[in-house]
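Quick notes on the structure that follows.
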Amino acid sequence: MSNPSYKIALIGYGKMGKTIEQLAISMGHNIVAKFDSNNPLTEEKLLASSADFAIEFTRPEAAAENISICAKAQVPVAVGTTGWLNKLPEVKATLEANSSKMLYASNFSIGVNILFEINRKLASIMSSFPEYGVEIEEVHHTQKLDAPSGTAISLAEGILDNIPDLNGWSLHENLKEDADDIPIKAIRQDDVKGIHHVTYTSSIDKIEISHEAFNRNGFAQGSILAGIFLCKQKEAGVYTIKDFFKSL
Ligand SMILES: NC(=O)C1=CN([C@@H]2O[C@H](COP(=O)(O)OP(=O)(O)OC[C@H]3O[C@@H](n4cnc5c(N)ncnc54)[C@H](OP(=O)(O)O)[C@@H]3O)[C@@H](O)[C@H]2O)C=CC1
Ligand SMILES: O=C(O)C1=N[C@H](C(=O)O)C[C@H](O)C1
């Protein structure tokens, strides 16, 4: 039996939107609408597209409004845009009021989600070894608007959940020793797709875990599969990438 074909609306047609388009077509899906700042999303246009679901990769200031429009049109939406989570409470309220669904992931790639699991496990071990200081470094292309990356924040949250002595995280120009929070260094370099390191250092040695994306296909693949997963969920509200991976 062949896999069903889905009708997908792309909200944002930049680096990610274009990568998703190519991959979705190669998987047998149809792109039924594309929105960008010259053709902004409206409820009417989205309904007219008959999309089964939407995928949102735009910019931090645009995401919350776009998700609300999807909610009002009751079109499930997989959201990859980072740097907008301060607006999550109002977005959640709109989704619930309209019985609609979204799934947000700071990083849709399988590799990074494996790193997230290792990061939590490692942090839980390191909580017994306070002589090690932890730090995060992320490297991305120079067009990236937010810092630190959404992925770096997710990594920091995974560490904070497991090492109660640490007080939050903060962005540092230079990684510093003896911090009581998690220092995150954000580096912007040419065309880097995304590199993340978590390092624990003592006076004796260093332990490091890391992930490097070679291209954007992993992000695109995860967002398409997460959109399909979302279509199959009965309950309205906010889903996370963990819900999706649990279903595999
Ligand atoms: N979660 C994940 O796995 C990943 C997340 N990201 C995140 O996704 C986001 C987008 O990344 P990327 O594709 O590289 O960015 P780009 O800048 O390449 O593309 C952004 C696109 O969004 C469009 N856009 C901007 N404002 C609006 C709006 N109000 N309505 C509709 N479209 C709009 C832009 O249109 P125009 O060009 O006309 O302005 C452009 O087409 C970023 O936040 C990034 O951090 C990226 C990769 C992976
Ligand atoms: O802007 C990007 O490119 C990326 N953004 C995401 C993030 O902020 O973590 C995911 C990935 O690293 C690429």
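Counting convention: from 1, in listed order, for ligands and their atoms alike.
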Pairing donors with acceptors under 3.5 angstrom, does anything connect the side chains of S210 and H196? no

Is a side-chain donor or acceptor of N98 paired with a backbone partner of S100 at a separation under 3.5 angstrom? no

Taking NZ, NE, NH1 and NH2 as the nitrogens, is one of them in E138 or R188 under 4.0 Å from a carboxylate oxygen of the other? yes

Out of all atoms in ligand 2, which are within 4.0 Å of some heavy atom of G150? Include the element for each. 7 (C), 8 (O), 9 (O)

Is it the side chain (CB and beyond), the backbone, both or neither of N107 that lies under 4.0 Å from ligand 2, heavy atoms counted? side chain

Report yes or no: does E138 have a heavy atom closer than 4.0 Å to ligand 2? no

Please confirm whether F108 and F219 have ring centers closer than 6.0 angstrom. no

With hydrophobic residues grouped by side-chain heavy-atom distances under 4.5 Å, do I11 and L225 end up in a single group? no

Does M102 belong to the same Ile/Leu/Val/Met/Phe/Trp/Tyr cluster as L41, with side-chain heavy atoms less than 4.5 Å apart forming each link? no

Can you tell me the protein heavy atom closest to atom 9 (O) of ligand 2 and the distance? T151 OG1, 2.5 Å

Expected output: side-chain K45 to main-chain P40 donor-acceptor under 3.5 Å: yes

Report yes or no: does R216 have a heavy atom closer than 4.0 Å to ligand 2? no

Kindly indicate, with the supporting measurements, whether the criterion side chain to side chain donor-acceptor pair (under 3.5 Å) is fulfilled by N107 and T151. CA-CA 6 Å; N107 197 307; T151 306; 3.1 Å; yes

Any heavy-atom pair between the side chains of R216 and M16 that's under 4.5 Å? yes

Here the atoms of ligand 2 under 4.0 Å from any heavy atom belonging to S149 are 7 (C), 8 (O), 9 (O)

Identity and separation of the nearest protein heavy atom to atom 5 (N) of ligand 2: K144 NZ, 3.2 Å

Just jot down the side-chain contact (heavy atoms from CB on, under 4.5 Å) partners of N167, sequence neighbours excluded, or say none. D180

Enumerate the atoms of ligand 2 whose separation from the nearest heavy atom of K193 is less than 4.0 angstrom. 13 (C)

For atom 12 (O) of ligand 2, find the nearest protein heavy atom and state the residue, atom name and distance (0.1 Å precision). H140 NE2, 2.6 Å

List, ordered by chain and residue number, the protein residues whose closest non-hydrogen atom lies under 4.0 Å from any atom of ligand 1. G12, Y13, G14, K15, M16, F35, D36, S37, F57, T58, R59, A62, N66, G80, T81, T82, A105, S106, N107, F108, K144, D146, F219

Hey, is ligand 2 close enough to H141 that some N/O pair sits below 3.5 Å? yes

I want to check something: taking the side chain as every heavy atom from C-beta on, are H211 and I195 in contact at a cut-off of under 4.5 Å? no

Does some side-chain heavy atom of H140 sit less than 4.5 Å from a side-chain heavy atom of V192? no

Are E21 and K34 within salt-bridge range, i.e. N to O under 4.0 Å? yes

Would you check whether G194 has a nitrogen or oxygen atom less than 3.5 angstrom from a nitrogen or oxygen atom of ligand 2? no

Could a heavy atom of H196 be found less than 4.0 Å from some atom of ligand 2? yes

Heavy-atom contact under 4.0 Å between F108 and ligand 2? no

Within the 4.0 Å heavy-atom cut-off, what S106 brings close to ligand 2 is backbone

